[in-house]
Structures are given as C-alpha cells and as structure tokens.
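Working notes for the structure below.
All chains are named by letter (A, B, ...) in the order of the sequence lines, taking the proteins before the strands, and each is independently numbered beginning at 1.
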Number of protein chains: 2
Amino acid sequence: MNLQPLVLAILEGGPLYGYLIARRAKAKSGLRWEEGTLYPLLHRMERGKLVSSEWRTASGGRRRKYYALTRRGRSVLATARADWKEQVQAVSNILFGGRRHAVAR
Amino acid sequence: MNLQPLVLAILEGGPLYGYLIARRAKAKSGLRWEEGTLYPLLHRMERGKLVSSEWRTASGGRRRKYYALTRRGRSVLATARADWKEQVQAVSNILFGGRRHAVAR
DNA sequence: CACTCATACCTCGGGAATCAAGGCATGAAC
DNA sequence: GTTCATGCCTTGATTCCCGAGGTATGAGTG
C-alpha cells in the first residue's frame, strides 16, 4: 500500500500536523500508521513539493509542524484517485472475477 | 501492491507455469508483471508452502514448471480476499468518502 | 541449414516503502 | 515533581518490486 495519496486526501480538508494526520487516518480507515512510516513519508512529500510545512506555536507554547497541500499535491492526488480506481478494478478482476478466461497467446 | 494473492487466485483455476501466469495476469488486469518479480515471488510462495511445483515436459520436449495451489495456499487466498475488501473500503473511505467536502475557492 | 523470434526458466543489484524500536522534548494533570 | 499524553524525529532490518541482464529450446522462415 502506498500511503502517500491518503495523506494528500487528508490534507485536502486543510493543513494538519503529523500527529493528527495519523489520528485521522487511523480513525477513518483502521489502517496502521506507524510514526516510523509517517514522518519520513511527510519529508519525502515535502521534498517532492507535494506539501509545504510550517511551524506553528499553539497558545500553550507547544510547537507543531503543519503540512499543507501544494498545487502540485492536489494534482498528484487527482491522479492517484484515478489510479486507485483502476487498480481496484484490476485486482478485483483477478481476485473475484475468475470465471472469465482471457485468451493468453 | 502485494502480488502474491493474485498469483494464488490465478492458480485457483488449475496448475499453471510461470510464463503463462504472467500472461494471464497481464491480460486480466493490465498490471505490470516483470519476470524479475514473478519468479522470485513463486519461489517465496513455494518456500512458504502456498504452492507446490512440478516439472512437466510437453510433447515437443519443452520443460515447464507447473505450480499448483496447496491447501495452505487456498486458505491464505481466502484470507487475502477478505483483507483486500477491507483495505479497499478503508482506502476509499479516505480517498473519496471524506466527511468534509473540499470546495474550490 | 542458418537465422530469428517467441517461449521459458533464472539471478543479481538497487531502490523504495514500511515497521519496530528506540530517542528527545514539552505541557497538563495530579 | 512525577506521570501522562502529546509531538517531533532517526536508525536498522526487512520486504517487495523492478530493470537488466543470462541461458536454453522449439518453431517458423528463407
């Protein structure tokens, strides 16, 4: 599973910081989201200009790193959505649509 | 993407050899199936007792290595099918079923 | 026959993604 | 002032996949 599109989709609702991204994702999907996965992923995405980051300090003084979608990130998300649909179709074809025999030359 | 369940599903129709597995999969799904992926995968699956292999010689004399599902393979396939459904549900929840609808401004 | 193509198997090296298991720091609650 | 939840991070190992090779044989063509 590629988790990148999921992060993009979650950020579509507005900027969020890592800890909360993990929470949201887990709440919505039940998928595992280890920190050892998430933070490097966010860094990769920032390097790839899919997201931008900004440190914000809450009223209490706690610092959080907020990530926001870039224009490029939105574009990639749109592509990822289309790709995901195709992929689901492809895999489901094999996993469940086993009756049809494609002629393999 | 984990391709192992797809191989299991394809073998459900009866024993097949590697080259043809790749053909079938590609014909049905359009997914990439490189040989550098498939053969090591088949070997891993055999080590894991999900499939068994047997050399057969065709009338012409060509040797082919046929792989067949084991009982264990069938069991794993059933689990994988259920997992796949869950996973699709989870990912779709995030990718498409966002509570918050993003509105272009 | 010589040549080429498709078939059919395989390995190796590298890259990417994930997880487990840590570490470090702070605010809030008691 | 100790504990808890929050919040960021890195490192090492593992796993999976691909690209790029290699080897060999049968079938079709001239």
Side-chain angles (χ1 to χ4, degrees), chain A residues 1-8 10-11 15-27 29-48 50-67 76 80 83-84 87 90-91 94 103-105, chain B residues 1-8 10-11 15-27 29-48 50-67 76 80 83-84 87 90-91:
Chain A
M1 264 304 308
N2 186 12
L3 301 179
Q4 177 176 289
L6 304 187
V7 172
L8 291 173
I10 287 170
L11 288 181
L16 278 181
Y17 55 97
Y19 195 79
L20 208 48
I21 292 174
R23 288 288 185 101
R24 289 273 170 91
K26 200 169 181 181
S29 71
L31 295 175
R32 281 188 228 152
W33 284 77
E34 307 303 333
E35 301 195 344
T37 302
L38 180 62
Y39 288 111
L41 173 59
L42 285 170
H43 299 161
R44 283 199 301 274
M45 290 169 69
E46 190 173 14
R47 274 200 303 277
L50 304 184
V51 298
S52 60
S53 72
E54 177 197 7
W55 284 99
R56 295 187 198 170
T57 303
S59 59
R62 188 179 282 286
R63 297 175 75 236
R64 290 162 181 156
K65 198 172 184 180
Y66 278 77
Y67 289 91
V76 167
D83 289 351
W84 169 251
Q87 197 188 326
V91 172
I94 297 184
V103 180
R105 283 186 297 120
Chain B
M1 267 301 313
N2 186 10
L3 301 180
Q4 178 177 289
L6 305 187
V7 172
L8 291 174
I10 288 171
L11 287 181
L16 277 182
Y17 55 97
Y19 195 80
L20 207 49
I21 291 174
R23 287 292 183 106
R24 289 270 170 94
K26 199 170 182 183
S29 70
L31 295 175
R32 280 189 231 152
W33 284 78
E34 307 303 332
E35 301 195 343
T37 302
L38 180 62
Y39 289 111
L41 172 58
L42 285 169
H43 298 162
R44 282 199 301 274
M45 291 170 68
E46 189 173 13
R47 274 200 302 278
L50 305 184
V51 298
S52 60
S53 72
E54 177 197 5
W55 283 100
R56 296 189 197 170
T57 304
S59 59
R62 186 179 284 284
R63 297 176 73 236
R64 290 164 180 154
K65 199 172 183 179
Y66 278 77
Y67 288 90
V76 168
D83 289 350
W84 169 250
Q87 195 186 325
V91 172

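- Taking 4.0 angstrom as the limit, A/Y39 places a side-chain polar atom (N or O) nearer than this to OP1 or OP2 of D/dC8.
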Would you list the protein and nucleotides 12-17 of chain C atom pairs, both N or O, that sit under 3.5 Å from each other?
unit_1	atom_1	unit_2	atom_2	d
C/dA17	OP2	A/R44	NE	3.1

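- Separating the NZ atom of B/K26 from the C1' atom of D/dC18 is a distance of 13 Å, rounded to the nearest angstrom.
- Distance, A/W33 CH2 to C/dC19 C1': 14 Å, rounded to whole Å.
- With hydrogens and angles left out, the side chain of A/E35 and the base of D/dC9 share a donor-acceptor pair within 3.5 Å.
- When the ring pair (Phe, Tyr, Trp, His ring centres under 6.0 Å) test is applied to A/Y39, no partner is found at least two apart in sequence or on another chain.
- At whole-Å resolution of the value, OH in B/Y19 and P in C/dC5 are 14 Å apart.
- Residues satisfying the side chain to side chain donor-acceptor pair (under 3.5 Å) test with B/T37, not counting sequence neighbours, are none.
- Between the CG atom of A/L31 and the P atom of C/dT18 there is a distance of 11 Å, rounded to whole Å.
- Between B/R23 and the phosphate of C/dA8, there is no side-chain N or O to OP1/OP2 separation shorter than 4.0 Å.
- In this structure, A/Y17 reaches the D/dG7 phosphate: one of its side-chain N or O atoms is under 4.0 Å from OP1 or OP2.
- Atom CE in B/M45 sits about 11 Å away from atom P in D/dC16, given to the nearest Å.
- Applying the side-chain contact (heavy atoms from CB on, under 4.5 Å) rule to B/D83 yields the partners B/T79; only residues at least two apart in sequence or on another chain are considered.
- If you measure from atom CG of B/L38 to atom P of C/dC10, you get 9 Å, rounded to the nearest angstrom.
- To the nearest 0.5 Å, atoms CD1 (B/I21) and CH2 (B/W33) are separated by 8.0 Å.
- The NZ-P distance, from B/K65 to C/dT11, rounds to 8 Å in whole Å.
- For A/S53, the side chain to side chain donor-acceptor pair (under 3.5 Å) criterion is met by A/E46, not counting sequence neighbours.
- Remark: A/R63 engages A/W55, A/T57 in a side-chain contact (heavy atoms from CB on, under 4.5 Å) (not counting sequence neighbours).
- When the shell of 6.0 Å around NZ of B/K26 is examined, it contains 12 or fewer heavy atoms from other residues, nucleotides or ligands.
- By the salt bridge (charged side-chain N to carboxylate O under 4.0 Å, His left out) test, A/R56 is found to be paired with A/E54, residues two or more places apart in sequence or in another chain being considered.
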Under 3.5 Å, N/O pairs linking protein and nucleotides 25-29 of chain D:
unit_1	atom_1	unit_2	atom_2	d
D/dT25	O2	B/R62	NH2	2.7
D/dG26	O4'	B/R62	NH2	3.3

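- For the ring pair (Phe, Tyr, Trp, His ring centres under 6.0 Å) test, residues two or more places apart in sequence or in another chain that qualify with A/Y66 are A/Y17.
- Of the side-chain N and O atoms in A/H43, one or more sit less than 4.0 angstrom from OP1 or OP2 of D/dT10.
- The nearest whole Å value for the distance from the CZ atom in B/R64 to the P atom in C/dA6 is 16 Å.
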